[in-house]
Structure formats: C-alpha cells, structure tokens
Amino acid sequence: MAEIGKGVTAGKLAINVQKRLTRAQEKVLQKLGKADETRDAAFEEMVANFNKQMAEGTKLQKDLKAYVTAVKTLHDASRRLQDCLADMYEPDWFGKEEMDALAEDTDTLWLDYHQNITDKSLMCMDTYLTQFPDIKARIAKRDRKMVDFDSARHHFASLQKGKKKDEAKIAKPAALLEMAAPSWAQGLISAHQVAQTNLSYNQAEEDLGRAQKIFEELNVELQDELPALWDRRVGVYVNTFQSLAGHQEKFHREMGKSAVTNGSDGELPPGFLYKVKAIHDYAVGDVVLVVAFDNPDEQDDGWLMGLQESQWLQKKDISAKGVFPENFTQKV
C-alpha cells in the first residue's frame with residue numbers, strides 16, 4: 001500500500017480504499033446473483049482471442065529461445081570436435097590444409113546461422129510480444145471501470161426507487177417539526193430536506209454519467225485494437241516460420257558445399273577416400289579410387305591402396321583392389 005507523504009495524500013488514499021471496497025462489494029453481489037452485470041459477448045470473445053494469442057506467442061518465443069540455445073550448444077560441440085581433430089592431425093598428414101579450411105568454414109556457418117535466427121526470428125517475436133503487457137493492463141482497467149459503472153448504475157437505481165419512499169416517510173415528521181418551529185423558521189426545514197435529497201440524487205447521477213463515459217472510451221479503444229492485433233498474428237507467425245525455414249535450408253546447403261569433396265568434381269562412391277589419376281606406368285589418365293588399408297600397419301610410406309574406377313563402375317567389386325606408388329599419381 002502506498003505511504004502517505006510520497007505523493008499520496010490521506011484523501012487520495014481514502015478514495016482508493018473506498019473504490020476497492022465498492023468494487024469488491026459489487027463483485028460479491030454479482031457472484032451471488034443479487035446484482036446484474038454488464039456483459040459484452042463480442043468483447044469477451046476478443047479478450048479470449050487476445051489471451052490465446054498471448055499464450056501462443058509466449059510459447060513460441062520460449063521454444064525459439066530453446067532452439068537458439070540448442071544451436072549455440074551444437075556450435076560449441078562442433079568447435080570442440082574440430083579443435084580435437086586439429087590437435088590430433090599431424091601437419092604432414094594428407095588433407096591437413098583441407099581439414100583446417102573446413103573447420104574455419106564450418107565455424108563461420110554456425111556463427112551466421114545463430115546470428116540470423118536470432119535477428120530475423122527471435123527478435124521478431126520479442127518485438128511482437130512487447131505490445132501485449134500494455135493492452136493487457138488496459139483490459140484490466142476496462143474491467144475495473146465496468147465494475148464502477150455497474151456499481152454507480154445500481155446506486156442510482158436504488159436512489160430512484162427510494163426517493164418516493166423517503167419523501168413519504170419524512171412528510172409527516174417534517175410537518176410536525178414545521179409546526180413546532182419558530183415562525184421565522186417556517187418552511188426552511190422542508191426546503192433543506194428537499195435540497196439534501198436532490199443533492200444525493202444529482203451526485204449519484206453525475207457519478208453514473210462519469211463512470212459510463214470512462215468505461216465507453218476504454219471499450220471503444222480496445223474494440224478497435226484487439227481485432228487488428230488478432231489479424232496481425234498470422235503475418236508474424238508466417239514470417240517467423242518462413243525466416244526460420246529459409247535460414248535452416250541455407251545453413252544445410254552451405255554446410256554441404258563446405259564438406260570435403262576430396263578434389264573430385266563427381267560423387268565419390270561410399271567406402272572410398274578420394275580419387276587419383278595415373279601419370280606413370282598405368283595408362284595415363286586412368287582414375288583410381290583410393291581406399292584405406294584393412295590393417296593400417298601394413299601401409300608403407302609412399303604407397304596407397306586402390307581400385308580402378310572403370311572396374312568399379314563395371315563390377316562394383318572392391319576385392320580387385322591393390323597397392324600402387326603414390327608418386328605415380330596425382331590427386332584429382
């Protein structure tokens with residue numbers, strides 16, 4: 001509760017407390033069925049859509065953040081794997097430069113992918129959701145003002161009903177009082193009573209008009225904004241999904257381009273390491289598919305294990321493989 005002396009006077013504090021008590025009393029009477037409640041089915045449907053829209057947007061934002069975190073985790077894992085390979089790979093081993101280039105390209109692709117989905121998808125959702133708290137607060141204010149309007153309406157109606165009864169009740173006592181009053185006070189008592197009754201009635205009528213005006217102004221504003229916000233959700237969701245899918249496709253495409261092609265313009269059959277072309281002894285120009293030795297200890301320096309590509313294409317039989325001198329070939 002606000003403290004007196006910090007911009008809040010005792011009078012304002014009392015007014016706020018009285019408003020809360022009046023609203024609480026009105027809500028209790030409405031719950032018990034002793035007072036009717038102003039209802040707007042169309043507006044209530046808009047509020048239901050708003051709450052659904054806010055829940056969906058919040059869930060999507062949460063899942064996008066989890067996805068971005070997962071992408072960052074995958075990037076970190078990829079970087080650690082590349083660092084591990086770089087530490088283990090000897091400088092004089094075949095493909096050292098290609099492996100270093102691949103690691104650098106892969107790291108760049110991960111960075112770009114993470115940045116793109118953050119800027120184009122996650123930030124889009126963050127901006128979209130920033131408007132919801134303000135509208136939610138205005139809906140709550142509109143609900144409070146509707147309760148104030150109902151309370152003022154019921155109070156005014158009760159005064160209307162009780163006015164005639166009060167006039168009848170006080171007519172006789174007022175007449176007796178007039179008779180007992182001095183001559184100079186004759187008529188003043190009745191006039192004072194009538195003025196007091198009219199003052200209460202007029203005050204209640206003013207309160208009702210003021211409450212109705214505030215409620216209607218808030219209602220009109222929200223009735224214009226809520227449908228527009230509901231319609232915008234389609235564009236926001238579609239743009240987010242398309243942006244995310246587009247970045248995923250681009251990432252996978254670029255990652256595929258960065259994969260080791262082993263110097264070949266064509267696709268390499270499964271199980272083969274890379275291609276070489278004969279430049280001595282063999283028919284010059286023959287292409288040989290290089291495979292790994294079954295037992296790495298059997299491989300001597302300067303020798304490779306392979307199979308002529310033409311034989312592989314004809315028979316698909318890897319058993320015809322054999323060893324050959326590496327310096328008689330060149331990588332293609």
Side-chain angles (χ1 to χ4, degrees), residues 1-2 16 19-33 35-74 113-153 210-249 251:
M1 184 177 292
N16 289 334
K19 281 184 178 179
R20 294 187 179 185
L21 290 175
T22 302
R23 288 169 184 161
Q25 182 181 13
E26 182 67 22
K27 288 181 179 179
V28 170
L29 292 175
Q30 290 175 352
K31 293 293 183 181
L32 295 176
D36 63 303
E37 179 181 2
T38 299
R39 304 297 297 268
D40 187 340
F43 185 83
E44 290 174 2
E45 182 179 356
M46 286 188 286
V47 172
N49 289 337
F50 170 80
N51 292 330
K52 177 184 178 182
Q53 186 177 0
M54 183 169 60
E56 289 176 346
T58 303
K59 184 179 184 301
L60 180 56
Q61 181 192 45
K62 180 181 178 181
D63 291 341
L64 275 175
K65 287 182 177 179
Y67 182 78
V68 170
T69 301
V71 169
K72 188 176 185 304
T73 302
L74 283 171
Y113 182 49
H114 181 273
Q115 191 64 40
N116 283 331
I117 60 176
T118 300
D119 293 344
K120 303 296 176 60
S121 297
L122 184 57
M123 291 185 65
C124 176
M125 284 304 304
D126 290 343
T127 303
Y128 170 67
L129 289 175
T130 54
Q131 57 193 322
F132 282 82
D134 175 65
I135 296 179
K136 183 179 180 181
R138 288 159 61 194
I139 291 175
K141 182 177 180 180
R142 180 259 184 196
D143 292 342
R144 293 194 300 271
K145 295 306 178 181
M146 184 177 67
V147 175
D148 291 342
F149 168 69
D150 285 341
S151 178
R153 180 167 56 84
R210 185 164 49 251
Q212 183 176 4
K213 181 180 178 181
I214 295 175
F215 167 69
E216 288 179 349
E217 287 176 353
L218 288 170
N219 209 46
V220 169
E221 290 178 2
L222 290 170
Q223 282 179 339
D224 292 337
E225 292 186 31
L226 289 178
L229 181 63
W230 176 253
D231 292 338
R232 282 201 300 271
R233 84 193 194 285
V234 178
V236 172
Y237 293 167
V238 170
N239 289 338
T240 300
F241 295 150
Q242 288 181 342
S243 176
L244 185 61
H247 292 311
Q248 286 177 337
E249 181 182 358
F251 173 75

Any chance you could measure [X], atom [atom1], to [Y], atom [atom2], to the nearest 0.5 Å?
X      : Y      : atom1 : atom2 : result
Leu64  : Met123 : CG    : CE    : 13.0 Å
Asp126 : Lys65  : CG    : NZ    : 5.5 Å
Ile135 : Arg142 : CD1   : CZ    : 14.5 Å
Gln53  : Asp231 : CD    : CG    : 9.0 Å
Thr130 : Met125 : OG1   : CE    : 10.5 Å
Met54  : Tyr128 : CE    : OH    : 10.5 Å

**Message:** If you compare all heavy atoms of Pro227 against all heavy atoms of Leu222, which two are closest, and at what distance to 0.1 Å?
**Reply:**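 In this case the closest contact between Pro227 and Leu222 is CD-O, 4.0 Å.
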**Asp148 bridged to Arg144 by N-O distance under 4.0 Å** =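 Looking at Arg144 together with Asp148, the answer is no, because their closest N to O distance does not fall below 4.0 Å.
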**Message:** Quick one: does any side-chain atom of Thr73 pair with a main-chain N or O of Thr69 as donor and acceptor, under 3.5 Å?
**Reply:**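 Checking the backbone N and O of Thr69 against the side chain of Thr73, a donor-acceptor pair under 3.5 Å is found.
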Side-chain heavy-atom pair [X], [Y] within 4.5 angstrom cut-off:
X      : Y      : result
Val71  : Thr118 : no
Tyr67  : Lys62  : no
Gln223 : Phe43  : yes

**Request:** Assess the side chains of Glu45 and Asn49: does a donor N or O sit below 3.5 Å from an acceptor N or O?
**Result:**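 No.
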**Test applied, side chain to side chain contact (heavy atoms under 4.5 Å, CB included); reference residue, Leu122; option that passes from Thr127, Leu60, Val68, Ile117** =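 Of the listed options, the one satisfying the test is Val68.
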